Trainee: 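Let me begin by handing over the structure; questions about it come next.
As the structure is a computational prediction, the values presented were derived from the model and not from experiment.
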Amino acid sequence: MSKFLQALNPAQCQAVEAADGPVLVLAGPGSGKTRVLTHRVAYLIEQRGVDPFNILAVTFTNKAAREMKDRLEALVGAQAAYALSVGTFHSLCARFLRRDIVHLGRERNFVIYDGDDQQRLMRRVLREMNVDEKRNPPRSLLARISSAKNELVGPAEYARLNRSSPFDELVATCYQRYQVLLREANALDFDDLLVETVRLFDEHPDVLAHYHTRFTALLVDEYQDTNRAQYLLIRQLAAQQRNLFVVGDDDQSIYLFRGADVRNILQFEQDYPEAQVILLEQNYRSTQSILDIAQAIIQASQKPKHLKRLWTENGGGAHVTLHKAVDQDAEALFVADELVRLIASGDVAARDCAIMYRTNAQSRAVEEALIRRALPYQIVGGTRFYERKEVRDILAYLRVLYNPYDSVSLTRILNWPGRGIGQRTEQELISWAATLGVPLFQALRELEDATTATPFNARTTKALLEFLHLLDHLRSTSQTTPVASVIEQICECIAARATLEREYDLLEAEERWQNLVELRDVAESYKHLPTEAQLPTFLEEVALVAEVDKLDPNADKVTCITLHQAKGLEYAVVFLIGLEEGLLPHSRSAQDRDQLEEERRLLYVGMTRAQRKLYLCHASERMNYGRFNSSRPSRFLSDIPKALLKGVPQRSPKAPAPQTTMFSPRSALGDQKPATGSRTRRPSAAPPPEETRFSRGQQVRHAIFGSGTVIASRLVDGDEEVTVRFNDRERRLLASFANLEQVDA
DNA sequence: GGCTCGATCTTTTTT
DNA sequence: AGATCGAGCC
């Protein structure tokens with residue numbers, strides 16, 4: 001038995017040590033999935049001698065990617081970790097396309113359009129076609145287009161397949177035009193990043209061959225949430241070596257709405273008949289009480305799935321609490337009061353607690369309650385930093401400097417700050433450019449030639465030319481100036497602060513100005529890159545950051561987060577609020593059976609985030625659209641056996657809080673009652689080593705690196721990290737992996 | 001071309 | 001309840 005088995009349980013070991021070829025790891029919540037992934041990578045490097053440069057790992061968020069790199073840095077050293085390719089589907093595709101999109105006849109300096117940009121572009125399409133935006137909301141057109149793209153259905157095919165209704169036909173026409181405009185702007189939307197990469201690999205086998213050589217080992221996290229495009233992408237990349245290691249849990253599939261297809265994970269064994277399948281069923285995260293309730297919820301599901309049975313050796317723990325409040329404000333105050341009590345007891349810190357909800361709108365009541373109780377908090381999502389108008393406006397300048405054909409950004413700043421170019425002129429410019437058959441920026445350039453016939457009067461022409469020359473001026477410096485200084489220059493040239501003060505009252509202007517200062521500060525962190533790489537990198541990362549990516553794990557604050565974003569996270573104490581019909585399950589999902597099942601899984605995901613204490617809350621009345629509506633408890637709650645729940649007695653207004661013990665004295669995790677009955681059917685992992693096996697000065701031998709001298713050794717994460725000086729350089733190794741042999745000097 | 005006021009809509013979930 | 005958007009006025 002290899003030594004590193006110590007730190008892992010048998011199933012985890014089996015996964016980490018699996019031979020080459022396809023591997024499917026079905027990992028229940030809290031079963032050490034991340035640990036398996038990182039150890040697998042470390043194992044490939046240390047034991048199989050795989051060059052980290054040849055490893056590609058796909059994670060679900062940038063945050064997960066960063067954490068994986070950090071953990072691997074400790075396992076295999078900074079240099080090896082740096083050589084790894086780790087990222088989300090979208091960021092990896094962006095990287096591939098930056099390199100190779102020329103093969104598709106496009107330029108490398110494309111910009112990435114997010115939802116807001118997409119809507120602006122779609123509005124332009126609708127206006128061009130004289131279609132009523134009210135009756136045909138850009139969002140719903142885009143939603144259709146997005147699902148088409150996720151299925152890799154292009155405009156032509158879409159038109160062929162969908163001709164049963166006038167709306168279908170409208171979508172088809174808009175889709176076509178939308179793609180033309182995207183291309184003209186040299187822009188890709190989120191979905192295009194995937195679609196175009198698949199197309200690139202499909203149409204250019206030589207390019208794909210390059211990536212086959214480059215990436216000999218593939219790892220994919222959250223495989224149950226891949227959509228068709230992502231699935232095909234992985235299939236393309238894995239086609240040659242079939243060295244594909246995927247991890248996922250069909251019970252946690254919650255992204256149906258953005259095209260995720262659970263069949264991808266359910267059919268893995270058909271796709272790769274030689275696949276090894278490994279189940280991770282031991283849960284290390286939650287108490288038995290929490291797990292029992294989560295299981296009750298998921299087992300009531302009717303869907304076909306991979307069968308798993310979770311168990312834990314953690315003690316029974318505190319009962320799960322069910323709380324009914326009169327309305328959303330009372331619900332939020334209950335949560336806040338419980339938090340105050342728990343934190344005051346010293347058992348948990350604010351950073352260990354999270355409040356989770358179905359919709360972002362629910363965060364408002366929560367936020368108010370937390371403020372009233374003076375609790376520190378961070379909200380994930382809500383009004384996002386990069387969605388603030390002024391921030392986007394400055395970003396629009398940057399994007400135009402990077403890619404002047406970006407028409408959405410160009411029109412965004414055409415009249416910001418106000419320079420006498422109104423909607424009428426904008427419209428005129430757009431249609432004139434269309435007549436000339438050139439991008440907007442090109443049309444502006446045409447104005448410089450006074451002999452060209454234009455639809456503008458002298459005053460308007462002057463304003464447009466001044467704008468063009470402002471861009472020229474900024475552009476001439478943007479390539480040779482750090483991106484933070486470019487932002488400063490933009491702000492200076494447009495007198496951003498004064499502009500804001502003109503547009504808003506003093507307080508709000510200051511707040512918005514601070515946002516711009518913050519944007520500059522973010523840009524500052526790119527200064528270590530070569531100057532010419534700063535702007536592109538900055539723009540790309542800004543486009544692809546998710547809200548969870550910005551969660552600060554070090555801040556001692558309560559986290560408020562949607563159930564979707566909470567996937568993959570864990571907290572000692574979790575409050576699930578708004579467990580009501582219409583909210584969870586959401587009314588928009590109530591009609592469809594599959595969607596209803598997804599709502600159930602969403603609840604399951606939320607519950608299994610909790611380590612020690614879980615609260616389930618609902619209100620009998622809720623304010624919607626400024627109107628009170630009575631709410632019934634979620635149907636899912638009736639799937640929980642009553643005996644597993646503990647209600648909290650209503651407090652009389654002035655009475656002190658009852659001193660119920662939420663945690664056993666030394667905390668639920670500290671003193672573990674043995675788990676009951678048949679659940680202890682697996683051998684547990686061996687206890688971690690308690691003192692270091694290696695010490696400074698000792699001579700050791702490594703199978704690949706040869707002999708060396710131990711510089712230091714310390715216990716980390718249940719294992720021993722040994723720093724060894726080899727001939728060429730120092731390396732940090734994990735004792736359980738490195739198979740270091742002790743040599744007598 | 002820009003402002004003010006009232007009508008209208010909003011809430012799924014996200015890269 | 002709050003934001004956003006368009007019509008009508010300056």
Trainee: Taking the six-membered ring for Trp, does A:H90 stack with B:dT15 (centroid gap under 5.5 Å, planes within less than 30°)?
Mentor: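 Ring-base stacking flag not set for A:H90 and B:dT15.
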Trainee: A:R588 CZ to B:dT10 P: how many Å, rounded?
Mentor: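 Answer to the nearest Å: 8 Å.
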Trainee: Tell me, which pairs form a salt bridge (Lys or Arg N to Asp or Glu O under 4.0 Å) where one or both residues lie in residues 415-429 of chain A, sequence neighbours left out?
Mentor: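 Qualifying pairs, neighbours excluded: none.
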Trainee: If I take atom CG in residue A:D225 and atom P in nucleotide B:dT13, what distance separates them, rounded to the nearest angstrom?
Mentor: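 In whole Å, B:dT13 P lies 17 Å from A:D225 CG.
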Trainee: Classify the nucleic acid contact of A:A546 as base, sugar-phosphate or nothing, counting any heavy atom under 4.0 Å across all strands shown.
Mentor: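 A:A546: backbone/sugar contact only, no base atoms under 4.0 Å.
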Trainee: Between B:dT13, B:dG1, B:dT12, which nucleotide gets closest to the side-chain atoms of A:S589?
Mentor: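 Selected nucleotide: B:dT12.
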Trainee: Using the P atom in both, what is the distance from B:dT13 to C:dT4, to the nearest Å?
Mentor: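 To the nearest whole Å, 16 Å.
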Trainee: Cut-off 3.5 Å, side chains only: do A:E621 and A:S630 have a donor facing an acceptor?
Mentor: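 There is no such pair (donor and acceptor under 3.5 Å, judged by atom type) between the side chains of A:E621 and A:S630.
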Trainee: Could you state the atom-to-atom distance from CD1 of A:I254 to C1' of B:dT14 in whole Å?
Mentor: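 One finds 10 Å between C1' of B:dT14 and CD1 of A:I254, rounded.
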Trainee: Sequence neighbours excluded, which residues qualify as ring pair (Phe, Tyr, Trp, His ring centres under 6.0 Å) partners of A:H586?
Mentor: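 A:H586 satisfies ring pair (Phe, Tyr, Trp, His ring centres under 6.0 Å) with no other residue.
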Trainee: Answer yes or no: does a side-chain N or O of A:Q565 lie under 4.0 Å from OP1 or OP2 of B:dT14?
Mentor: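 For B:dT14, OP1/OP2 do have a side-chain N/O of A:Q565 under 4.0 Å.
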Trainee: Return the nearest nucleotide to the side chain of A:R258; candidates are B:dT15, B:dT12, B:dG1.
Mentor: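 So the side chain of A:R258 is nearest to B:dT15.
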Trainee: Round to a whole Å and report the spacing from CD1 of A:I421 to P of B:dG1.
Mentor: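 Atom CD1 in A:I421 sits about 9 Å away from atom P in B:dG1.
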Trainee: Between B:dT14, B:dG1, B:dT12, which nucleotide has the shortest distance from any of its atoms to the side chain of A:T425?
Mentor: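 Per side-chain heavy atoms of A:T425, the pick is B:dG1.
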Trainee: Does the side chain of A:F538 come within less than 4.5 Å of A:V522's, by heavy atoms?
Mentor: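 Yes, their side chains come closer than 4.5 Å.
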Trainee: By nearest nucleotide on DNA chain B, pick out whichever of A:E599 and A:R459 is the more 5' one.
Mentor: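 Its nucleotide being nearer the 5' end, the pick is A:R459.
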Trainee: Between A:L188 (CG) and B:dT15 (C1'), how many Å, whole number?
Mentor: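 One finds 14 Å between C1' of B:dT15 and CG of A:L188, rounded.
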Trainee: Counting only side-chain N and O atoms of A:N415, is one of them less than 4.0 Å from OP1 or OP2 of B:dG1?
Mentor: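 For B:dG1, neither OP1 nor OP2 has a side-chain N or O of A:N415 closer than 4.0 Å.
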Trainee: For A:D117, which of A:R123, A:R399, A:R412 qualifies under salt bridge (Lys or Arg N to Asp or Glu O under 4.0 Å)?
Mentor: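 That would be A:R399; it is the only one of A:R123, A:R399, A:R412 passing the salt bridge (Lys or Arg N to Asp or Glu O under 4.0 Å) with A:D117.
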Trainee: Contact class for A:E426 (heavy atom, under 4.0 Å): base, sugar-phosphate, or nothing?
Mentor: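 No contact at all - A:E426 keeps every heavy atom at 4.0 Å or more from the nucleic acid.
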Trainee: For B:dT15, does either OP1 or OP2 sit under 4.0 Å from a side-chain N or O belonging to A:N150?
Mentor: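 No, A:N150 has no side-chain N/O under 4.0 Å of OP1/OP2 on B:dT15.
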Trainee: Atom CG of A:L602 and atom C1' of B:dT12: how far apart are they, to the nearest Å?
Mentor: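 Value for this atom pair: 10 Å.
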Trainee: What is the separation between atom CD on A:Q118 and atom P on B:dT15, rounded to the nearest whole Å?
Mentor: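 Interatomic distance, CD of A:Q118 to P of B:dT15: 13 Å.
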Trainee: Within the sub-3.5 Å range, which N or O atoms of nucleotides 1-5 of chain C have a protein N or O partner, and how far apart are they?
Mentor:
{"from": "C:dA1", "atom 1": "N6", "to": "A:Y625", "atom 2": "O", "distance (Å)": "3.4"}

Trainee: Picking from B:dT12, B:dT14, B:dT15, which would you name as closest to the side chain of A:F190?
Mentor: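 Of the options given, the side chain of A:F190 lies nearest B:dT15.
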Trainee: Got a second to check how far A:R235's CZ is from A:L218's CG, nearest 0.5 Å?
Mentor: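 That separation rounds to 14.0 Å.
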Trainee: In plain terms, say whether A:K149 and A:D189 are close enough for a salt bridge, that is, a side-chain N and a carboxylate O under 4.0 Å apart.
Mentor: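 Counted as a salt bridge, because a side-chain N and a carboxylate O are separated by less than 4.0 Å.
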Trainee: Quick one: which of B:dT15, B:dT11, B:dT12 gets closest to the side chain of A:R139?
Mentor: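 Closest nucleotide to the A:R139 side chain: B:dT11.
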Trainee: Does A:F257 lie flat on the base of B:dT13, that is, centres under 5.5 Å apart and planes under 30° off?
Mentor: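 Aromatic stack with B:dT13 present for A:F257.
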Trainee: Send over the distance from A:R424 CZ to B:dG1 P, rounded to a whole Å.
Mentor: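 Atom-to-atom, A:R424 to B:dG1, this comes out as 6 Å.
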Trainee: Starting at the 5' end of DNA chain B and moving along, which residue's nearest nucleotide shows up first, A:Q595 or A:F60?
Mentor: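 It is A:Q595, whose closest nucleotide lies nearer the 5' terminus.
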Trainee: Going by atom types alone, do A:N515 and A:E390 pair a side-chain donor with an acceptor below 3.5 Å?
Mentor: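 A:N515 vs A:E390: donor-acceptor pair found between side chains.
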